[in-house]
Structures are given as C-alpha cells and as structure tokens.
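Okay, structure first, notes after.
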Amino acid sequence: MAGQSRKWMILVATIWIQAFTGTNFDFSAYSSDFKSVLGISQVQLNYLAVASDLGKAFGWSSGLALMYFPLWVVMFMAAFMGLAGYGTQWLVIRSIITLPYFVVFLLCLLAGCSICWFNTVCFVLCNQNFPANRPLAISLTVSFNGVSAALYTLAASAIDSSSDAIYLLLNALIPLLTSIVSLIPIIRQPPLDPLGPDAVRRDSLIFLFLNFLAVITGIYLLLFGSSTTNTTAARLLFSGAIALLIFPLCIPGVVYAKDWFHRTIHSSFRLQGSAFVLVDADDLELHKELLSRQGSSIVPLGIGSFAPLLNETRTADLITSQQKAGEVQWCCQRLIYKDRLAMLGEEHPARILVQRLDFWLYYLAYFCGGTIGLVYSNNLGQIAQSLGQSSDTTTLLTLYSSFSFFGRLLSAAPDYIRAKFYFARTGWLAIALLPTPIAFFLLAASGSGEALRVGTALVGLSSGFIFAAAVSITSELFGPNSVGVNHNIVITNIPIGSLVYGCLAALVYDANISSGLGNIMSDSDTVCMGRPCYFLTFVWWGCISVLGLACSVLLFLRTKHAYELFEQNRIISAQEYE
C-alpha cells in the first residue's frame, strides 16, 4: 500500500507540474504591453510568439539530457530555463533593463523550450509509474496543461490585477516552486511491480474518479477564473483552485472504497484500463495472426514494414468492386484506397513515415486545426483590443483555457463509451475539427462580444481535443515504439504554423493601420481598432481550417477499415480467451 500511495502522489505531482507549466497560453495577457514597451510592430510581436512555440522543435534536447542526468535534475533545468527566460522578460517589460529585440527573441525561445522539457519529465513519470495504464495517466495530466492560463489569471488577480507584467513574473517563479514541491515524490519513486488484473481494474477506477474531479476543477475555473473584481475575492478563489488540485491526495481513501464504486459506476463503463487504444506488441502480434487466419498474405519485411502485398491485393479488390457497383469515380477510389494502411500499429521509421500519404493528411489536419487554434490564442489580446473588448481579455483567456481543458478531457471519452459505440479515432478527429471553421466564420460575420466569446470557446474546445488525442493517433497509425520520434515530427507543424498564421494576421493588422482604417495613437503606439483589423484574417483562417477538416475526413476514410479490423479482432481474441 505504501508503494501504491507513492505512485499516486507522483501522479498528483505530475498534475501540478502540467497545470502550472503551460505558460505559453497566457502570452496574450501581456502581449499588448510588451509591444508598447519594445516599440515593435505586430509582425515583430508575432515573431516573439513564434519563438515560444519554436521551443517544441528542440524537444529532443530533453531526451538527450535524460541520458546523462536524473529526472529531477532535468526538471530543475527546465525550471531554471523558465526562470531565466520569463524573469528577464519581466525586467524588460517593467523597463528595469533594456535589451535588443533579438535577445528578447532568444529569451522567448528559452522559455518555450522549458515548457517542452517539463512535458518530457511528465511523460517519463507516467511511463515509469503506470505501465499498465500509461495512456490514461498521460491523457489526464496533459489535460491539466490546458488550465494553466486560467490558474495564472486567478493568481495575477490575487496579487495585482492592474499589472499585466505580473504574468511574466508568475511564469518565472511558479514552475520553480512547483518543482520544489514535487521533488520529494519524484525522488522517492516506488519500485515497479507488475499489476494483476484486479489491480489494473482498481487503477482504472481511480482514473475515472480523477477525470470526474478534473471536470469539477474545469467548471470551477470557468465560472470563477475571471469574474473577480477585488483582490480578496481573487485570493479566496485561487485558494479554492489550489485545494481542488491538492484534493487528489485523498486517493488512498478512494482505493478502499473501490468495491462500492465498482458496483455502481465502473461496471457500466466496462473500462479496459486505457483511455487511449494504444497498440502494444502483444495486441499487434495477435492482430497479425488473426489477419493470417482470414487468408491474407503478409510479407515480413522487418521493422517498419506495412505489408505491401496485403495492401495491394485488398486495394485491387476494393477498387474492382467499387467500379462494378458504380458508387464512386475511379479517381476517388484511387485517392481513398491506394497505399492506405493495412493495419494499426505497424512501425514506421522516419524515412518511411514521410513517404506515406496518411501521414501528410494527418499532418495537414493538425496544421490546419490544432495549430491554428494555438495561434488564435496568441493573438487573443490584440483581437479583443481591436473589437473594443480589452477589459474582457482575461475573461477570454480563461474561456479559451477552460474549454481547451474540456476538449483534452473529451479526447478520452471515445474509449469510455467504446463498449457501446465504437468509432475510429480519426473519425473523432474529424468531428473535433468541425467547430474551428464554424468559430472563425462566426467571428468574421459578427464583431460582437457574444460572438467573440462563443468563437473563443469553440476554438479552445477543438484545439484542446486535438492536442490530447494526437499522441494516441500517432501511435495507432504509425507504431507505438516509434511514437517518440514520429510525434516530434508531427508537432513541427506548431512553430511553422505559428510563423505562417501569425504573420498572416500581423500583415493584415499592420495593413489596416497603414490604410488609416479605425486606428488610434496612444503613447507613440499605433493600435488598430475596428472589425477590419482581423476580418480578413478570420476569413483566411476559416478557409484554412476547412482544408484541415477535409484532410481529416479523407484520413478517416482511408483508415477506418484498419480500425474496424483491429476492433473486430480484439473482440474475437477476447472471446477466445474467455
């Protein structure tokens, strides 16, 4: 029991780390002040947001550090990178020191890199302590990263609501303090013991309880995260949020109450111990064996192969049958069936990965969906300002953060209802992308405060789902053993999208200032005011997100047969072993 208690304390510590290290989500809270102090254009401000996102391109460095240093040392290296990056930016925005623009760019890059290092630490902790429920642990902890902006908004209101620079100071100090608090559980990791079936079911029950508690936390932050009008109320509400984050330490009591929960709740969901259907080696071998029984010929080409003989045979049969039926044109058949995945879980090395059409469809869906939502959050401060909603910036920031959190939690919902309703995860990805174009076209059609809030909530919900589900999709489509490398390739779209979409928005913004459409001068800082400032940007973003939606639908059509085969064979294998 002592070892189990320490294991859950590590999970709670991981939740704390994730909750307080999503420091890039509050960029829009201080971006306007940063732009004014540095005297830079909207395009140059966008480059600073790109620098923060560019830290993800250096995520491999954290894995390299773990080869030479203990986990807790890497955690503190990340904390001190954030302290140096954000702390120096705070000195700049308070005009205590003056630095050239290029140095500030490097500081943003350093701060962004620290976020990626923290994420790596959390993934390793989940892998080491929850091998049987690894996906559940990762999905839960990643979800809490989405509430960082709401927590920092409450913390800033509790200290000094009149200063936007306080966000930078909090970004520098709170992750370091969180690392100190998390140090003892991380150092005292319990030995890894194999879990029996009962223990796995008990752990999945606890994860269900933690997800329920996470929903309560998200609702609390959504309702009270930005509604404070005085410092005393903000301090009380922030204390309540901290209490909700500490409450999971009562897990040992939940363990003893497992029988009651199992009878009333757990049995109705039929959890299988994983919120993500990540394909492990045993499942993959069984899947191959069952396919062989069905008369398919699979040519073993070693690691990274994806059964070309099976693929070509099925493709030819499907194309022939479709042509005879006259259901679709030949070009559509070729697009859907040619060289598609034969099964889930086949390992794809990087050189094979970039040759697959399925990978590029997935890459574009992420690039035109989740990434564009992140860029929207980076521009939220200027968007609110241009529409005369500057006083609601913190409210919008909390709204985006909370709905991003709910989106991340919802990414696990398909597996909770899997026993009653099964749908390919790429299909859920397509559904999750649908709110994004709706939100942008709504924002283009109306400049009202209500439209801004609804659009922000929809974008946050959609992007949050995509961010959380991406690791699972990468693992399922291109192999669980290669997911570390392959997912780092996938998320290279984030800095690229941040640059492209951010520059697009900045160029439209500055062009409206130059044309004299609704701009004002304030303290030598030119600010664009009115709907034209972002109207064209919203139209472009909406069209781009439609492209992402189309790519996700095509990806679903190309992969649904692999998901259906895997699910059918899983059911057959379960029946055989009963």
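Since this is a predicted model, take the numbers as computed values, not measurements.
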Worksheet item: How close do Ser114 and Met81 get, heavy atom to heavy atom, and via which atoms?
Response: CB-CB, 3.8 Å
Worksheet item: Can you say whether the rings of Phe105 and Tyr101 are parallel (under 30°), tilted (30 to 60°) or perpendicular (over 60°)?
Response: tilted
Worksheet item: Relative to each other, are the rings of Tyr366 and Tyr362 parallel, tilted or perpendicular (30° and 60° limits)?
Response: perpendicular
Response to the item:
Heavy-atom nearest pair, Ala365 first then Leu433, reads O-CD2, 3.8 Å
Worksheet item: Between Ser463 and Tyr400, do the side chains contain an N or O donor and an N or O acceptor separated by less than 3.5 Å?
Response: yes
Discussion item. Here's a test for you: under side chain to side chain contact (heavy atoms under 4.5 Å, CB included), which of Val459, Leu458, Leu452 qualifies with Thr456?
Written reply: Leu452
Discussion item. So, taking the atom named CG in Leu409 and the one named OG in Ser143, what distance separates them when rounded to the nearest 0.5 Å?
Written reply: 4.0 Å
Practice prompt. Using distance alone, with no hydrogens and no angle criterion, decide if Ser401 and Tyr152 have a side-chain donor and acceptor under 3.5 Å apart.
Written response: no
Worksheet, complete the sentence: Looking only at heavy atoms, the pair that brings His348 and Leu477 closest together is CE1-O, 3.8 Å
Item to complete: Keeping to residues at least two apart or across chains, list the salt bridge (Lys or Arg N to Asp or Glu O under 4.0 Å) pairs with something in residues 454-469.
Response: none
Worksheet item: Strictly under 6.0 Å, is that where the ring centroids of Tyr501 and Phe367 end up?
Response: yes
Worksheet, complete the sentence: Taken to the nearest 0.5 Å, the spacing of Cys126 SG from Gln18 CD works out to 8.0 Å
Discussion item. If we count only N and O atoms by modelled type, under 3.5 Å, do the side chains of Thr14 and Thr141 hold a donor and an acceptor together?
Written reply: no
Fill in: Identified side chain to side chain contact (heavy atoms under 4.5 Å, CB included) counterpart of Phe102 within the set Leu106, Leu99, Val104
Leu106
Discussion item. Checking Thr492 against Tyr363: is there a side-chain donor and acceptor pair closer than 3.5 Å?
Written reply: yes
Fill in: Spacing of CG belonging to Leu507 relative to OG1 belonging to Thr537, to within rounding of 0.5 Å
9.0 Å
Discussion item. Within a 6.0 Å radius of atom CZ on Arg94, are there more than 12 heavy atoms belonging to other residues, nucleotides or ligands?
Written reply: no
Worksheet item: Between the side chains of Asn493 and Thr371, does any donor sit under 3.5 Å from an acceptor?
Response: yes
Practice prompt. Find the distance between CZ (Phe538) and CZ (Phe441) and round it off to the nearest 0.5 Å.
Written response: 12.5 Å
Practice prompt. Could you tell me the separation between the CG atom of Asp358 and the OG1 atom of Thr559, rounded to the nearest 0.5 Å?
Written response: 7.0 Å
Practice prompt. Any chance you could measure Lys35, atom NZ, to Leu48, atom CG, to the nearest 0.5 Å?
Written response: 11.5 Å
